[in-house]
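The block underneath contains the structure these notes are about, expressed in structure tokens.
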Amino acid sequence: MEASDDIEVRQVTAEDSEQLMAFLLEHYYPEEPLTAGTSPPEPEEADKTFLLSNIPNGTCYVALERGSSRIVGAVVAGYKDADMPKIIAEEAFTYRNTKWGNILSILAEVEAGSDVCRRFDLPSCIHVHALAVNPQVRGRGLGVRLMNAIAARTVELGQPLVCVDCTSVYSAKLMERLGYQLIHTLRYEHHLDARGQQIIQPPKPHESVQTFVLKL
Ligand code: COA
């Protein structure tokens, strides 16, 4: 059966917050390589608060089983502009020596290297922060449908580009299939602390954060 027969994709509203976070805690955070590759395993409150803060932008979508309304997939996105590399670096410093601080430290290095808004001379764009599909329905094109919903919303908002930092090989393959352009790669083994220790220890087979963009 085609995914489209029994699963609908729709925008997330404020009322969905609790159910969305329950889904992310079950199917996003435990597998997402930055979260899985730092300790302790559980995401910090600041991380969860940040993801949910994107809902009012209308840039978050869920895949729902028709009938049961159970969430089986989600994508969380938001705006970013040329100040983002500086903002993330400051946040990484604020949260230094914590799990969220370690995650922000690699995202800050990725932002500095990809520097999307300056690179493409854009006032702003849409950035995908999280993407997950329940393992029971993976491989049925739900990741594609969620990313297509973000691209359509990006056009609707008059934004010129979608950007995504793929921390997982699976999301990177998905972006390649969707025709996204790879603009930056940071290998986990090259993101080190002041003592030269690798900060993120991702599970196999993940090796790098790859930044992809789609110009619209
Ligand atoms: N582990 C093992 N296999 C996976 C997988 C994973 N995390 N993600 C996808 N696959 C497999 C699928 O089952 C499918 O296999 P098949 O060809 O035998 O059917 C194939 O890879 C292609 O899958 P695709 O349709 O691209 O996956 P999807 O859109 O259903 O899911 C993600 C892709 C990224 C949403 C999914 O891997 C996920 O939820 N990961 C956990 C959270 C995460 O790491 N997010 C990315 C952070 S940037």
Side-chain angles (χ1 to χ4, degrees), residues 24-25 27-54 75-120 122 125-132 143 147 150 161-176 178 180-214:
L24 294 173
L25 285 167
H27 296 299
Y28 170 71
Y29 286 116
E31 256 192 75
E32 190 283 314
L34 302 186
T35 315
T38 47
S39 61
E42 303 76 30
E44 290 182 352
E45 283 308 311
D47 184 343
K48 296 190 274 180
T49 302
F50 169 70
L51 283 191
L52 293 181
S53 74
N54 290 284
V75 60
V76 173
Y79 289 91
K80 77 171 175 186
D81 61 23
D83 288 336
M84 195 51 102
K86 185 167 157 271
I87 291 169
I88 300 208
E90 286 168 0
E91 285 283 288
F93 184 75
T94 303
Y95 287 97
R96 65 192 177 282
N97 302 325
T98 67
K99 180 183 178 80
W100 182 226
N102 287 338
I103 291 172
L104 288 172
S105 78
I106 193 165
L107 293 178
E109 189 171 340
V110 167
E111 277 296 329
S114 57
D115 207 6
V116 172
C117 289
R118 266 188 212 87
R119 184 186 289 249
F120 294 104
L122 306 173
C125 66
I126 296 297
H127 187 92
V128 174
H129 298 292
L131 172 68
M147 288 304 297
I150 290 294
L161 179 144
V162 181
C163 175
V164 52
D165 295 326
C166 292
T167 59
S168 149
V169 293
Y170 299 106
S171 55
K173 279 186 192 149
L174 198 156
M175 300 316 149
E176 277 167 11
L178 280 170
Y180 278 58
Q181 177 192 350
L182 175 65
I183 60 159
H184 185 263
T185 300
L186 176 61
R187 292 183 65 79
Y188 290 115
E189 67 194 3
H190 293 158
H191 181 64
L192 309 174
D193 66 15
R195 292 172 299 139
Q197 301 295 310
Q198 187 170 327
I199 298 176
I200 313 285
Q201 304 283 349
K204 283 189 171 128
H206 312 292
E207 291 182 343
S208 60
V209 182
Q210 293 184 287
T211 304
F212 288 84
V213 298
L214 182 69

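Quantities reported herein were computed from a predicted structural model and do not represent experimental measurements.
When all heavy atoms of M147 and L178 are compared, the closest pair comes out as CB-CD1, 3.6 Å. Across V75 and L131, no two heavy atoms sit closer than the pair CB-CD1, 3.9 Å. Smallest separation of non-hydrogen atoms from D115 and A112: CB-O, 3.7 Å. For the pair P202 and H206, the tightest heavy-atom approach, listed with the atom from each and the gap, is CG-O, 3.6 Å. Contact record, K99 with P40: NZ-O, 2.6 Å, taken as the closest heavy-atom pair. The shortest heavy-atom contact between G101 and T98 is N-OG1, 2.9 Å.
Partner of V213 under the side chain to side chain contact (heavy atoms under 4.5 Å, CB included) criterion, out of V162, L161, V164: L161 alone.
In this structure the side chain of K80 never reaches within 4.5 angstrom of the side chain of I87, judged on heavy atoms. You'll find the side chain of C125 reaches within 4.5 Å of the side chain of C117, heavy atoms only.
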What do the steps show when you test L186 against I106 for side-chain contact (heavy atoms from CB on, under 4.5 Å), and what is the final call?
CA-CA 9 Å; L186 176 61; I106 193 165; 3.7 Å; yes

Run T49 and W100 through side-chain contact (heavy atoms from CB on, under 4.5 Å) and show every step you take.
CA-CA 11 Å; T49 302; W100 182 226; over 6 Å; no

Any chance you could lay out the side-chain contact (heavy atoms from CB on, under 4.5 Å) test for Y95 and I103, step after step, and finish with the verdict?
CA-CA 10 Å; Y95 287 97; I103 291 172; over 6 Å; no

Starting from the C-alpha separation in whole Å, work towards a yes-or-no answer on side-chain contact (heavy atoms from CB on, under 4.5 Å) for F212 and I183.
CA-CA 6 Å; F212 288 84; I183 60 159; over 6 Å; no

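No more than 12 heavy atoms of other residues, nucleotides or ligands sit less than 6.0 Å from atom CZ of F93.
For the atom pair OG1 (T35) and OH (Y28), the distance works out to 5.5 Å, reported to the nearest 0.5 Å. If you take CG on L107 and CD1 on I200, they are separated by 8.0 Å, rounding to the nearest 0.5 Å. Between L104 atom CG and E90 atom CD the span is 12.0 Å, to the nearest 0.5 Å. For the atom pair CG of L182 and SG of C166, the computed distance is 9.0 Å after rounding to the nearest 0.5 Å. The line from NE2 of H190 to CD of Q198 is 9.0 Å long, rounded to the nearest 0.5 Å. For the atom pair CG of D83 and CD1 of I88, the computed distance is 11.5 Å after rounding to the nearest 0.5 Å.
Checked by atom type and distance alone, the side chain of N54 pairs as donor or acceptor with a backbone atom of L51 at under 3.5 Å. Side-chain atoms of R119 come within 3.5 Å of backbone N or O of G113 as a donor-acceptor pair.
Contacts classified as side chain to side chain donor-acceptor pair (under 3.5 Å) and involving residues 165-174 (residues at least two apart or in different chains) are given here: E32-T167, H127-D165, D165-T211.
Every residue two or more places apart in sequence or in another chain that forms a ring pair (Phe, Tyr, Trp, His ring centres under 6.0 Å) with F50 is listed here: H129.
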